[in-house]
Amino acid sequence: MDIASKNVAVITGAAKGIGRAIALKLADDGFDIVINYRNSSGSVEELVGEIESKGRKSIAVQGDVSVFEEAKNIIKQAVDFFGRIDVLVNNAGITRDGLLLRMKEDDFDKVIEVNLKGTFNCIRHVSPIMLKQRKGKIINISSVVGVTGNAGQVNYSAAKAGIIGITKSTARELASRGINANAVAPGFIKTDMTKTLSEKIRENALHSIPLRRFGTVYDVANAVSFLASSNADYITGQVINIDGGMVM
Ligand code: NAD
């Protein structure tokens, strides 16, 4: 079905956490929303309902972004339904932390596959659509540890640093066709991903944040909302840290 849409945003891994907050914020901004999720869960239907109650259209598309053909299908279903994609937010991510000397090969590979290759896969499939439109905004969720590194996260920091490389190369390749690519690098944000960290790690992290609080999903969603808007039309290839001043 190709229905007349205004602006359409696809958000990967949007069932919860930062992705969910981005979906709701972009719906408030007037976007119709494609929610990608990996596993079936009732919370996705609830999210679709919440977006629709804001007067926007929304569909949920299951798919694992780390699999090239599944990423292709996510983008295809979005275009089949809405006819266009104006914004892609590559948010899906996982951690499998461990010290370098003990890290298993599979823990390295999995984190690279989801965070880094998943980002490539979605950009690879959305690019032809945005090129045809001569319009589009790609926003990748990196991390401050992609800039600074972090003990216990060689896999995750490598993936998040790689995302910064993908962002800048994409920005250079596609800028002449009206497509912007930027990244946000969150610091310590309160979600399921950080919930399991020990009290000691949380305490140390708090001391390293000049603004003396952990970030919220809304802090990240607000920055993504700005990058997705026409207010950011002259910004491309940039990485915006959202970290209470952790990295400066
Ligand atoms: P989260 O675990 O709450 O959400 C991650 C989402 O990604 C989940 O919905 C999960 O199902 C989805 N996902 C995982 N693998 C997927 C796959 N293969 N295909 C599709 N979806 C998949 O975590 P979050 O904190 O909301 O993280 C969102 C993004 O922000 C991630 O990229 C994460 O690395 C990044 N980030 C988070 C923090 C933080 O402090 N929470 C800091 C920096 C960056």
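Each residue takes its place number in the sequence, starting with 1. Note that these values count all heavy atoms, side chains included, but never hydrogens, waters or copies made by symmetry.
Side chains of N90 and I141 form no contact here, defined as non-hydrogen atoms less than 4.5 Å apart. When side chains are defined from C-beta on, V44 counts as touching I35, because their heavy atoms get closer than 4.5 Å. A heavy-atom distance below 4.5 Å is found between the side chains of K54 and D28. Residues Y156 and M193 form a side-chain contact, since some pair of their non-hydrogen atoms from C-beta on lies under 4.5 Å apart. Proximity of N115 to I94: side-chain heavy atoms (C-beta onward) are separated by under 4.5 Å at one or more points. I11 has its side chain within reach of L26: a pair of non-hydrogen atoms, C-beta onward, lies under 4.5 Å apart. Using a 4.5 Å cut-off on side-chain heavy atoms (C-beta onward), L100 and Q153 make no contact. When side chains are defined from C-beta on, L227 does not count as touching N180, because their heavy atoms never get closer than 4.5 Å.
Using a distance-only test at 3.5 Å, with no hydrogens or angles considered, a donor-acceptor pair links the side chain of T216 to the main chain of D219. The backbone N or O of Y218 lies less than 3.5 Å from a partner atom in the side chain of N222, making a donor-acceptor pair. Distance alone, capped at 3.5 Å, is enough to place a donor-acceptor pair between the N36 side chain and the V61 backbone. Side-chain atoms of T236 come within 3.5 Å of backbone N or O of A181 as a donor-acceptor pair. Listed for the S142 side chain is a donor-acceptor partner under 3.5 Å among the backbone atoms of K160.
Taking both residues in full, the closest heavy atoms of I189 and I242 are given as CD1-O, 4.1 Å, listed atom of the first, atom of the second, then distance. Closest heavy-atom contact between G244 and I209: O-CG2, 3.6 Å. Shown here for N91 and G13, the closest heavy-atom pair between the two residues is ND2-O, 3.0 Å. Contact record, A78 with V34: CB-CG2, 3.7 Å, taken as the closest heavy-atom pair. Nearest approach of F82 to K57, heavy atoms of both residues: CE2-CB, 3.7 Å. For the pair F188 and L197, the tightest heavy-atom approach, listed with the atom from each and the gap, is CE1-CD1, 3.7 Å.
If you check the side chains of S225 and D29, you find a donor sitting under 3.5 Å from an acceptor. The closest side-chain donor-acceptor pair between S157 and N150, if any, does not fall under 3.5 angstrom. With no hydrogens or angles considered, no side-chain donor-acceptor pair links N182 and Q238 at under 3.5 Å. Residues N7 and K135 have side chains that bring a donor and an acceptor to within less than 3.5 angstrom of each other.
Around atom CZ of R212, more than 12 heavy atoms belonging to other residues, nucleotides or ligands sit under 6.0 Å away. The environment of R96 atom CZ is dense: over 12 non-hydrogen atoms of other residues, nucleotides or ligands sit within 6.0 angstrom. Counting heavy atoms of neighbouring residues, nucleotides and ligands inside a 6.0 Å radius, atom NZ of K76 does not exceed 12 of them. Taking a 6.0 Å sphere around CZ of F214, one finds it holds more than 12 heavy atoms contributed by other residues, nucleotides or ligands. Around the CZ atom of R202, the shell of radius 6.0 Å holds more than 12 heavy atoms that belong to other residues, nucleotides or ligands.
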Next item on the list: Report the C-alpha distance between V111 and T95 in whole Å, list the side-chain angles of each, state the deciding distance to 0.1 Å, and finish with yes or no for side-chain contact (heavy atoms from CB on, under 4.5 Å).
Entry: CA-CA 6 Å; V111 167; T95 51; 5.7 Å; no
Margin query: Let's go through V147 and I164 carefully: what are the C-alpha distance in whole Å and the side-chain angles of both, what is the deciding distance for side-chain contact (heavy atoms from CB on, under 4.5 Å) to 0.1 Å, and is it a yes or a no?
Written below: CA-CA 9 Å; V147 181; I164 293 173; 3.8 Å; yes
Next item on the list: Test T12 against V89 for side-chain contact (heavy atoms from CB on, under 4.5 Å), laying out the working first.
Entry: CA-CA 6 Å; T12 67; V89 184; over 6 Å; no
Next item on the list: Could you walk me through whether K117 and N121 pass side-chain contact (heavy atoms from CB on, under 4.5 Å), step by step?
Entry: CA-CA 6 Å; K117 189 166 177 234; N121 286 344; 3.8 Å; yes
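Hydrophobic clustering of Ile, Leu, Val, Met, Phe, Trp and Tyr side chains at less than 4.5 Å, counting indirect connections, unites F226 with V220.
Rounding to the nearest 0.5 Å places CD1 of I139 at 8.0 Å from CD1 of I22. Of the inter-residue distances, the one linking I123 atom CD1 with L174 atom CG reads 8.5 Å to the nearest 0.5 angstrom. Atom CD in Q77 sits 10.5 Å away from atom CZ in F81 (nearest 0.5 Å). The distance from the CG atom of N241 to the OG atom of S143 is 9.0 Å, given to the nearest 0.5 Å.
Electrostatic pairing of K110 and D106 does not count as a salt bridge here, judged by no charged N lying under 4.0 Å from a carboxylate O. Here R20 pairs with E50 in a salt bridge; the nearest charged N to carboxylate O distance falls below 4.0 Å. One finds a salt bridge joining D192 and K195 here, because a Lys/Arg side-chain nitrogen approaches an Asp/Glu carboxylate oxygen to under 4.0 Å. Note on K137 versus D86: no salt bridge recorded, every NZ/NE/NH1/NH2 to OD/OE distance being 4.0 Å or above.
Taking the six-membered ring where the residue is Trp, F68 and H125 present tilted rings, their angle falling between 30° and 60°.
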